[in-house]
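Whatever order the structure lists them in is the order used to number ligands and atoms, beginning at 1.
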Amino acid sequence: MLSKLSFNHLLSAKDVQKQDILLLLDAAASFHEGMASDVCQFCDLAKGKILASLFFEASTRTRFSFESAMCRLGGAVLTLENGASSSVKKGETLSDMGRIVSGYADIIVMRHPASNSVKEFSEYSQVPVINAGDGPMEHPSQSLVDLYSISYFQKKLDGLSIGFVGDLKFGRTVNSLVQLLAFFPHQQFYFISHPSLKIHPDKVKLLRDLGHRVVELSEFGDVVPELDVLYMTRVQAERFESKALFDQVKDHFVLTEKSLLGCKPTLSIFHPLPRINEISIEVDQHPAARYFDQAKFGVYVRMAVLWHMLGRAI
Ligand code: CP
């Protein structure tokens, strides 16, 4: 059966159309609701299918939630938890690996530290490939998880005031998420970062050209009471040229209960996780803290992604 999605590989938020988002979030909601009553009711949907899960960089949420999603759909999983244990270690190219692994699986999810590496791999794959993070570039399935979480708690995806905080230069989840949020009208984007970690000017231009309001700040200032969504991010230590440069910015933003004084009662705080120190532990008890729900929702959204990309959606 053919997929109803407009893309074959999910490599970038640029591959995704608004119609794809609506289809995937609708399916994710059905999986979320259905699994609350019967965790096994979807166990035939991907029966006989195999997911290859290839991680050349550390992961907890993305790898486990994709693997859990495939298991919940009744499929099987081949996993490469550490790229160094594959023949890439012996010098095999990603293109050859794409040719080989796509003979063993029906769909592949891959994370790699190099920009555009997953795209290169996909060009030699005979089966759909999902980019689970390619260096600082993109993480589109995380953005679908983020959109689902925003929609679940805010009950809408348009007309939102959204604050992005932290590493907006290397943070691939922000890079992908703003492109998807841009489909929904009348957004106000607040990009709050150390001056050395600002979002790329091309993204700001894209959003302004589409009619969204964009404000760039280097401190929280008095913006928190304006926000519907506060999206925190980790400063990406692994992307800095030196530890000294990282140390200069790593503690620039730490969200505390005090920083949330005056926030809207409907505020939702998200974070793709892992959290290091940018959200104080005390904030976990705040009613706006939604990041652990967001991580759990990864399974429902990735069930939807796998099910649709395998062309099994009816
Ligand atoms: N959100 C996310 O990508 O988490 P992991 O690095 O644990 O996969």
Quiz item: Near K264 NZ, under 6.0 Å, is it more than 12 heavy atoms from other residues, nucleotides or ligands?
Solution: yes
Taking only heavy atoms of [X] into account, list the atoms of ligand 1 that are under 4.0 Å away from them.
| X | answer |
| --- | --- |
| P272 | 1 (N), 2 (C) |
| Q142 | 1 (N), 2 (C) |
| L273 | 1 (N), 2 (C), 4 (O) |

Quiz item: Under a single-linkage rule joining Ile, Leu, Val, Met, Phe, Trp and Tyr whose side-chain heavy atoms are separated by less than 4.5 Å, which residues share a cluster with L230?
Solution: V165, Y190, I192, V215, L217, F220, V223, V224, L227, M232, F253, L255, L260, L267, I269, L273, I279, V283, Y291, F292
Quiz item: Going by an N to O cut-off under 4.0 Å, is there a salt bridge joining R275 and D284?
Solution: yes
Exercise. Please state whether the rings of F31 and F42 are parallel, tilted or perpendicular, taking 30° and 60° as the class boundaries.
Key: perpendicular
May I ask you to identify the nearest protein heavy atom to [atom], giving residue, atom name and distance to one decimal place in Å?
| atom | value |
| --- | --- |
| atom 4 (O) of ligand 1 | R61 NE, 3.1 Å |
| atom 7 (O) of ligand 1 | T60 N, 2.7 Å |
| atom 6 (O) of ligand 1 | R111 NH1, 2.9 Å |

Quiz item: Which of these, Y231, F164, F270, sits in a side chain to side chain contact (heavy atoms under 4.5 Å, CB included) with T173?
Solution: Y231
